[in-house]
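The structure appears below as structure tokens.
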Amino acid sequence: MLRNLVADLPIFCRTANNTTVKSSRHYATEATFNLKPFRLHKFESGPKEKVTLNREDAVKMYKEMQTIRRIETAAGNLYKEKIVRGFCHLYSGQEACAVGMRKAMRPVDSIISAYRVHGWTYLMGVPITGVLCELTGRRTGCARGKGGSMHMYAPNFYGGNGIVGAQIPLGAGVALANKYRGDGGVCLALYGDGASNQGQVFEAYNMSFLWNVPCIFVCENNGYGMGTSASRSSSNTAYYTRGDALPGIWVDGMDVLAVREATQFAIDYATKTGPLVMEVFTYRYSGHSMSDPGTSYRTRDEIQEVRNTRDPIMLFRDKITDAGLVSVEEIKKFDTEIKKEVDAATALAKSDAEIELKELTTDVYSANIEPRIRGAHVNQQLPHSSLKRAVNL
């Protein structure tokens, strides 16, 4: 009895990479990590640069990043097989951005983004089958196959928007609704470095500042727009400073813990004070879309170097295994389980039926003023909560 009691008591030790670990007999229950310094604009102090991670969160965050990577690999393959048609923008390499932000979000908070959102759709509650079937235009998709890659939605997730930069003023509007309702929520409005020069971005900054709207403007700077590097398209590539009167923060977007910490800081600020700009410095492995090989404006060596030295999943895996939060054997088990789940969802995305022709004109209005629209009257069970707002005409 005494032996078991001693074995279960916490033991504090320090690993080779200077990480502080609190462990039990089997694995560490929590560990402390040092983060890369944040860069600040109009802030006197920023987020903590030493953070604690427990085992439960370590497992969850690793699984989420690996699942997103697998989803994007499947999406790319489906596109190459011509089963996904139209546009398809992959998030591979940027997984730490979404997972870190999502971890910090509260139930009352919302997020809106552009079209690189397969992973976000999954994180906001849509099952893997709902994501991949939506990509292939099948009825099990989160929008019954009507939205495709660029238009996915879920509760508190407002898409998936195809017009460059259009989601920024929409995000400010969602945040204004939070303020109007007084629910304490904030909205994260995400955009890329390629969209950062849109005029509506600066208009949204200005209005949000004047109206004190709880909006976090998040620039996911992956280094390149469509065929153009950030340095060729922007006179100021320090995107976190471009809010002018709005304060800003720069965070290493390849470190999921840094993103989590920065987002928690940003949510606290937006809730109490008002809008701010957050730049997450990340990288995309694929081209801008599937029609862009992504190698005409950057070298293959550059891409491979990032994969070898800055990959967010690899970095996080090494952190949590070195700290003893998760074993290497567990990681292998997680990877196998995730692959099986995504493979099964991919098979369904290929075999699932499409909606019937008569359903194409449904789900147009959330509150239709006409009792009946010719050719649009259909009764159906909607598969996901994200569509329960749709009209039953």
Side-chain angles (χ1 to χ4, degrees), residues 36 61-80 87-103 111 113-123 128 131 135 149-150 160 190-196 218-231 237 239 250-260 262-263 278-320 331 335 338-339 342:
K36 184 181 292 185
M61 293 164 76
Y62 177 81
K63 285 183 175 181
E64 287 175 340
M65 286 198 289
Q66 190 65 277
T67 300
I68 294 173
R69 179 69 60 86
R70 283 287 180 184
I71 288 173
E72 296 299 56
T73 300
N77 291 335
L78 288 167
Y79 190 93
K80 291 171 185 175
F87 293 96
C88 186
H89 304 78
L90 304 182
Y91 205 64
S92 302
Q94 300 182 214
E95 296 87 355
C97 301
V99 172
M101 282 184 259
R102 182 69 180 104
K103 187 61 183 172
I111 178 256
S113 187
Y115 30 71
R116 210 177 298 278
V117 292
H118 310 152
W120 266 110
T121 309
Y122 161 71
L123 291 177
I128 300 171
V131 176
L135 283 169
S149 178
M150 296 180 107
L190 278 58
Y191 59 101
D193 52 285
S196 65
V218 183
C219 179
E220 292 184 292
N221 177 13
N222 59 28
Y224 298 95
M226 186 165 181
T228 307
S229 66
S231 60
T237 57
Y239 296 101
W250 177 98
V251 56
D252 179 6
M254 305 301 260
D255 184 345
V256 66
L257 295 179
V259 177
R260 182 194 69 174
T263 307
M278 184 169 78
E279 176 187 349
V280 286
F281 186 67
T282 183
Y283 197 84
R284 60 168 167 80
Y285 294 148
S286 302
H288 175 76
S289 68
M290 292 300 295
S291 61
D292 168 27
T295 53
S296 60
Y297 48 87
R298 58 180 181 175
T299 65
R300 294 182 187 276
D301 289 343
E302 176 187 305
I303 301 170
Q304 194 58 47
E305 182 183 3
V306 176
R307 284 185 178 274
N308 293 337
T309 61
R310 295 177 53 213
D311 182 80
I313 299 175
M314 175 194 72
L315 291 175
F316 189 63
R317 179 200 65 205
D318 291 349
K319 276 185 177 181
I320 61 179
I331 291 290
D335 292 349
I338 290 167
K339 183 179 185 301
V342 174

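On a predicted model such as this, the values are computed, not experimentally measured, just so you know. Keep in mind that the numbers below use all heavy atoms, side chains included, and drop hydrogens, waters and symmetry copies.
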Thr73 OG1 to Leu78 CG distance, which is reported to the nearest 0.5 Å: 11.0 Å

Residue pair Asp335, Tyr62: steps toward the side-chain hydrogen bond (donor to acceptor under 3.5 Å, both in side chains) verdict: CA-CA 10 Å; Asp335 292 349; Tyr62 177 81; 2.8 Å; yes

SG-CH2 distance between Cys97 and Trp120, expressed to the nearest 0.5 angstrom: 9.5 Å

Heavy-atom check, side chain of His118 versus side chain of Ile68, under 4.5 Å: no

Verdict with reasoning, Asp311 to Val306, per side-chain contact (heavy atoms from CB on, under 4.5 Å): CA-CA 6 Å; Asp311 182 80; Val306 176; over 6 Å; no

Lys80 and Cys88, any side-chain heavy atoms less than 4.5 Å apart: no

Test log, rule side-chain contact (heavy atoms from CB on, under 4.5 Å), inputs Lys103 and Val256: CA-CA 9 Å; Lys103 187 61 183 172; Val256 66; over 6 Å; no

Close side-chain approach of Arg284 to Ser92, heavy-atom, < 4.5 Å: no

Heavy-atom closest pair, residues Ala75 and Leu135: CB-CD1, 3.7 Å

Audit row: Tyr297, Tyr224, ring pair (Phe, Tyr, Trp, His ring centres under 6.0 Å) steps and yes/no: CA-CA 9 Å; Tyr297 48 87; Tyr224 298 95; 5.4 Å; yes

Evaluation steps, side-chain contact (heavy atoms from CB on, under 4.5 Å), between Asn221 and Val280: CA-CA 6 Å; Asn221 177 13; Val280 286; over 6 Å; no

From Asp252 atom CG to Phe281 atom CZ, the distance as rounded to the nearest 0.5 Å: 8.5 Å

Flag side-chain contact, heavy atom, 4.5 Å: Tyr191 against Glu220: no

Leu315 side chain reached by Thr309 side chain, heavy atoms, under 4.5 Å: no

Side chains of Asp255 and Phe316 in contact at under 4.5 Å (non-hydrogen atoms): no

For the student: nearest non-hydrogen atoms of Leu123 and Arg102, plus distance: O-NE, 3.2 Å

Spacing of Ile338 atom CD1 and Ile128 atom CD1 [to the nearest 0.5 Å]: 8.0 Å

Any side-chain donor near an acceptor of the partner, Tyr285 and Gln304, under 3.5 Å: no

For the student: nearest non-hydrogen atoms of Val259 and Gly253, plus distance: CG2-CA, 3.8 Å

For Val131 against Tyr122, the heavy-atom pair lying closest together: CG2-N, 4.0 Å

Arg260 and Val99, any side-chain heavy atoms less than 4.5 Å apart: no

Test side-chain contact (heavy atoms from CB on, under 4.5 Å) applied to Ser286 and Glu72, step by step: CA-CA 10 Å; Ser286 302; Glu72 296 299 56; over 6 Å; no

Arg317 side, atom CZ; Ile313 side, atom CD1 - distance, nearest 0.5 Å: 9.5 Å

Close side-chain approach of Met101 to Met278, heavy-atom, < 4.5 Å: yes

From CE (Met314) to CE (Met254), nearest 0.5 Å: 8.5 Å

Minimum heavy-atom distance Ala230-Thr237, with the two atoms named: O-CG2, 3.7 Å

No-hydrogen, no-angle side-chain donor-acceptor test under 3.5 Å, His89 and Ser149: no

Check: Tyr91/Glu95 side-chain N/O donor and acceptor closer than 3.5 Å: no

Considering all heavy atoms, the nearest Arg310-Thr282 contact: NH2-O, 4.2 Å

